[in-house]
Structure formats: C-alpha cells, structure tokens
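Below is one structure; the comments refer to it alone.
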Amino acid sequence: MTMDIGKLDDEARNILRGNDRGGYTLPTAGLYPYQWNWDSAFAARGFAAFDAPRAWVELETLFSGQWPNGMVPHILFHKPDPGYFPGPDVWGADLGPIASSGISQPPVAASAARAMLEADPAAGRDRAAGLFPKLLAWHRWFMDWRLDRGAVCITHPWEAGRDNAPDWDGAMAAIDPVGVGEYTRRDTSHVNPEMRPTKDDYDRYIWLVQRGRRLGWDEARMLEYTPFRVADPTMTFILLRAQRDLRAIGQALGEDTAEIDGWIATLEAGAETLSNARLGAFDARDARTGEFADCVSSASFLCWYAGLEAPEMLAVYDRVTAACRYPVPSHDPDSAKFNPRRYWRGPTWGILNMMIGQGLAEQGHEARAEALRRVTADLIAEHGFAEYFDPVTGAPAGGKAFTWTAAVWLTWARPSAEAV
Ligand code: GLC
C-alpha cells in the first residue's frame, strides 16, 4: 500500500499532544488515565522527534514520583480518576512524594535519556545531569532487591509490563487468592473483555496488591514473604541495556561509572541463567521453584537489545516471525497457549518490535531489523495507532490513539526519506 507518511506523522504527533496532561502523557485516555512508567519513557522518545524540551520534562515528571529507596513506581496517580481500578486507595502505597502503585516497571528511561542526550549534547547536558543520580538510584534498587542469580525478578505480573503473559501461569497457579473480596474491574468497561486478562488472573493481581500493601511495600519483607517472584527476560534484558546506556550518559558527563560496570557484569551472567536449554531460548524462571516457564515470548528476543550476541536465538526468531504475517507475537504461535487477541498471550506490540529491531540492527542483523521495521510501519499505516495488534490478521486491539504506538512510529517505524 502507499503510505502517506506526512499524514501519519501528524497523527502521531497529535496523539502525543492529545494525551499530554501537562508534564506527563497518558498511555491513552479512558483505559489508562495516569502516568505509566515505561509508557512515559517511550513517550519521551516520541516527543524528542519534534519537541526535545517537552521530552525531557516527561522523564523529569516520572522521576518526581521516585521513592526514597530509589524505586520508580509503575503508575503515578497525579489526579484521581474514578474510571480506573485499582487506584491509590487499593494500593495504599504512600512511601513516595506522589500517590502511586507499589511496584515498578521495565527501566527504559535511561535508554531514552541517552538517545535524547546524544541527539543534542549541548541542550541535553544539564537535563541529563539532573536525571543521572536518580537513574542511578533506581538501577541500584533493582540490583539491591530484585536479583536472583543475577537475573531480575518481578514481584507482580504488572511489573514486567506483560501482564497476562503465559510466562507467569505456573507461578500464578500456585497462588490461592483467598479473601480477595469483591471488586469492580474498570478495564473491561473500556475495551472488549476477550482482549483483556481473565477473572482468574485478575483475582491474583489484586490479591498480590493486597499482600504488598499488608507488607507495607517493604522490599525486605516482600523478599521474605512474597509468593510470586519470577526472573523475567523483559526486566533482565531491559535493565542490562539500560545500565549500558546509563554508563554512556555517565561517561559523557565525566562521572565515575565503576559501579555500573559491576552491575553490567552481574546482569550478563544473570541473563545466562534465563537460557532454557530444553526450550532452546531465553525464558522466564520461577525464582521460588527454579522451574522455567517454557515460554518463547517476544521478550525472549530482547537478548540483542541487551547487547548479547545470542546467535542461537536467530533460528527461534525466524521460526516465530515466519509463523504469522505481523510479527513479533508476544507468545509462541506454535504453543497451545497462543491466543492472537488476548493481550500478552499472542498479540504484537509496537514497543517490543522497536526494541527487538534496534537490538537486531546493533548486532549486525540488518535485514531482519529492516523487515521488522517495515512490517511494523505497515501495521500502523493499515490499522492505526492501536495499543496492540492481532499478529495473524493485523486487526487493531485494546485502546486506540495509543501514546507508545505513536512514539514507535515517530522514533523507529516510519520509513526514512531514503526507504520510501
Ligand atoms: C498494560 C500493559 C503495560 C502498560 C500499561 C499502560 O498494563 O500491559 O505494559 O504499561 O498497560 O499502557
């Protein structure tokens, strides 16, 4: 199809501006009425394509919610919105300067900051210098509290950003959500319930929130008592990447980066513990039982983004991407659990494609990277700026006018002048 790039650029910029609430950007109005952590870092990348000062503000607002222990919450509840559940009253997480959730999300902010700094070193220097100690404190929080054999663990499926991925099924099944009580979901009043997590999952999500709340969101107590602790490829690969980017920022600023070097070595070793030989791929590993999830997910392919060579993953990637017209599916299409519509159990997500494509290109797999960029551009051009897409038909799913899909278009997917 012919693509009207100028029109799509305008639409993407309008989505970012339309979701801008002054200093922070909603993922999409209605379904997600607050500031989400990794969405915001992707939004910053999107703004950077046309309004660099606004891009820095996005990250600064995110860090204005940082907890004293370094944690940066996955949601900042800047202004109450009754259309969202679970809100601040359910989380009961009052350890930070802004009402928030009690868990974090994949740390992509340092990578956004590095890209922004390198795009304009003179204008970005002070902004990056302001963020550097905050990024360092957040990264240190992961290293202090979340490692299992060097891989990064999540304490709630929402922390991975891949809420209902089959990766967590085993660990979730071990939870009996006794006493969770009555509650009313809001997500299913905004979008088709078939595209969202099931009630069984949701009961456990809420039960885990209630438990974290009872433990006062104290990492030491949660480490001792949490029934859910899974070493996750999303967190591990993204943090490894983010550490390299933070080191580059530190070097540009003339900071001492020895501590970050140590973190990188630890995470490189930790990443290897996610290699499931039986599956022949990187996988999630339950830190409590030692069991692998036996899931090839789109996060498995973040190995290259993490800076690893991982040549053995190329054949897996080729098999998975050949199995559907609009890759990368969030779960293996050859698995019985694959569902092309249900959220993180099959659909394709633009942000994952962007990180996978970036990693492929950096590791020298240019043709694969370009094919993925092109298919992502087609998806957006044909089906709009949806939250995610059916990997078989390309049908848009979830929320519309989505911030991160607009950002993916502006920063990576849109054809450059030469490629048209
Ligand atoms: C969903 C996604 C998560 C995202 C959030 C806001 O919970 O799974 O990754 O950050 O929505 O878009």
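All values reported here derive from a predicted model rather than from experimental measurement. For the numbers below, each heavy atom of this structure counts, side chains included, while hydrogens, waters and symmetry mates do not. We count ligands from 1, going down the list as the structure has it; atoms in each ligand are counted the same way.
A donor-acceptor contact closer than 3.5 angstrom is absent between the side chains of Arg146 and Thr236. Residues Asp232 and Thr234 have side chains that bring a donor and an acceptor to within less than 3.5 angstrom of each other. Thr155 and Glu159 form a side-chain donor-acceptor contact under 3.5 Å, judged by distance and modelled atom types alone. For the residue pair Arg345 and Ser330, no side-chain donor N or O sits within less than 3.5 Å of a side-chain acceptor on the partner.
Separation of the Tyr84 and Tyr32 ring centroids does not fall under the 6.0 Å cut-off.
In terms of polar-atom proximity, defined here as any N/O pair under 3.5 Å, Gly161 does make such a contact with ligand 1. Between Asp39 and ligand 1, at least one pair of N/O atoms sits closer than 3.5 Å. Checked by distance only, ligand 1 and Trp349 stay at 3.5 Å or farther apart across all their nitrogen or oxygen atoms. Every N/O-N/O distance between Trp404 and ligand 1 stays at or above 3.5 Å. Any N or O atom pair closer than 3.5 Å counts here, and Arg162 shares no such pair with ligand 1. Annotation: Glu387 places no N or O atom under 3.5 Å from an N or O atom of ligand 1; distance criterion only.
Taking every non-hydrogen atom of Tyr343 and a distance limit under 4.0 Å, the qualifying atoms of ligand 1 come out as 1 (C), 2 (C), 7 (O), 8 (O), 11 (O). Listed by number with element, the atoms of ligand 1 under 4.0 Å from a non-hydrogen atom of Phe402 are 12 (O). For ligand 1, the atoms lying closer than 4.0 Å to a non-hydrogen atom of Gln105 are 3 (C), 4 (C), 9 (O), 10 (O). Every atom of ligand 1 is numbered from 1 in the order shown, and the set under 4.0 Å from a heavy atom of Trp38 is 3 (C), 4 (C), 9 (O), 10 (O).
Contact check for Thr321 versus Phe301: no side-chain heavy atoms found under the 4.5 Å cut-off. Counting heavy atoms from C-beta outward, Leu279 and Phe292 have side chains that stay 4.5 Å or more apart.
Taking the six-membered ring for Trp and thresholds of 30 and 60 degrees, Trp158 and His74 have nearly parallel ring planes, at less than 30 degrees apart.
With a 4.0 Å heavy-atom cut-off, ligand 1 is reached by no atom of Trp158.
Nearest non-hydrogen protein atom to atom 7 (O) of ligand 1 is Asp163 OD2, 2.8 Å.
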